[in-house]
Amino acid sequence: MKHLSLFSALLGLAAVPAMAAPHTTPSAETSTQIQTNFPTTTFMGTWTVRAEVPPFTVAGNKALGPAARLLVTVPEIYAVNIGESRFSLSRKSGSVWSGTEHDTTMTMTLVSPNAGKILITNTNGHKVEVPLYRNDP
């Protein structure tokens with residue numbers, strides 16, 4: 001009987017700190033930042049919304065480190081609306097590249113090696129967000 005009451009007391013004490021500690025889970029943003037450190041070559045290729053829409057073409061320059069750039073060619077269907085047909089992007093994080101041409105900023109974000117999005121914003125407040133899927137042959 002003495003052992004049973006001692007065991008119950010120890011079990012109760014062991015549970016108290018666990019119950020008192022706040023329950024925290026990593027946010028989705030934190031977990032994505034940890035898991036999404038894509039190499040530059042993952043961004044390169046052709047990316048499209050649908051097969052019948054001309055693709056965005058992404059190429060990289062030969063520079064490494066801070067001088068590395070992604071060169072994005074925008075399909076005419078979007079270029080007419082946003083006023084720019086080419087962007088030069090620099091790395092912002094492991095999954096994000098961004099660059100500004102005149103008053104228009106393009107940000108390319110990868111969610112996975114085969115999916116991402118492009119966000120195009122203009123200083124006049126217009127935004128275009130395009131979900132992308134890899135379209136390499």
Check [X] against [Y] and note the closest heavy-atom contact, atom names and distance.
{"X": "Val49", "Y": "Tyr133", "value": "O-CD1, 3.9 Å"}
{"X": "Val130", "Y": "Phe56", "value": "CG1-CE1, 4.0 Å"}
{"X": "Thr104", "Y": "Ile82", "value": "OG1-O, 3.9 Å"}
{"X": "Val53", "Y": "Thr48", "value": "O-OG1, 2.9 Å"}
{"X": "Thr107", "Y": "Ser98", "value": "OG1-OG, 3.2 Å"}
{"X": "Ser95", "Y": "Phe38", "value": "CB-CD1, 3.9 Å"}

Do [X] and [Y] share a hydrophobic cluster, counting only Ile, Leu, Val, Met, Phe, Trp and Tyr and linking them when any side-chain heavy atoms are less than 4.5 Å apart?
{"X": "Val128", "Y": "Trp47", "result": "yes"}
{"X": "Leu110", "Y": "Met44", "result": "yes"}
{"X": "Tyr78", "Y": "Phe87", "result": "yes"}
{"X": "Ile77", "Y": "Ile120", "result": "yes"}

Going by heavy atoms in the side chains, are [X] and [Y] under 4.5 Å from each other?
{"X": "Glu84", "Y": "Asp103", "result": "no"}
{"X": "Val58", "Y": "Met108", "result": "yes"}
{"X": "Leu89", "Y": "Val72", "result": "yes"}

Atom [atom1] in [X], atom [atom2] in [Y]: separation rounded to 0.5 Å?
{"X": "Met106", "Y": "Ser88", "atom1": "CE", "atom2": "OG", "result": "11.0 Å"}
{"X": "Thr123", "Y": "His126", "atom1": "OG1", "atom2": "NE2", "result": "10.5 Å"}
{"X": "Ile118", "Y": "Glu129", "atom1": "CD1", "atom2": "CD", "result": "10.5 Å"}
{"X": "Lys92", "Y": "Thr109", "atom1": "NZ", "atom2": "OG1", "result": "12.0 Å"}

Regarding Thr57 and Thr46, is there a side-chain donor-to-acceptor distance under 3.5 Å anywhere?
no
Side-chain donor-acceptor contact under 3.5 Å, Arg91 with Thr40:
yes
Charged N-O contact under 4.0 Å between Glu101 and Arg86
no
Can any side-chain N or O of Trp97 pair as donor or acceptor with the backbone N or O of Ser93 at less than 3.5 Å?
no
Measure from the side-chain N and O atoms of Asn61 to the backbone N and O of Arg69, and report whether any donor-acceptor pair falls under 3.5 Å.
yes
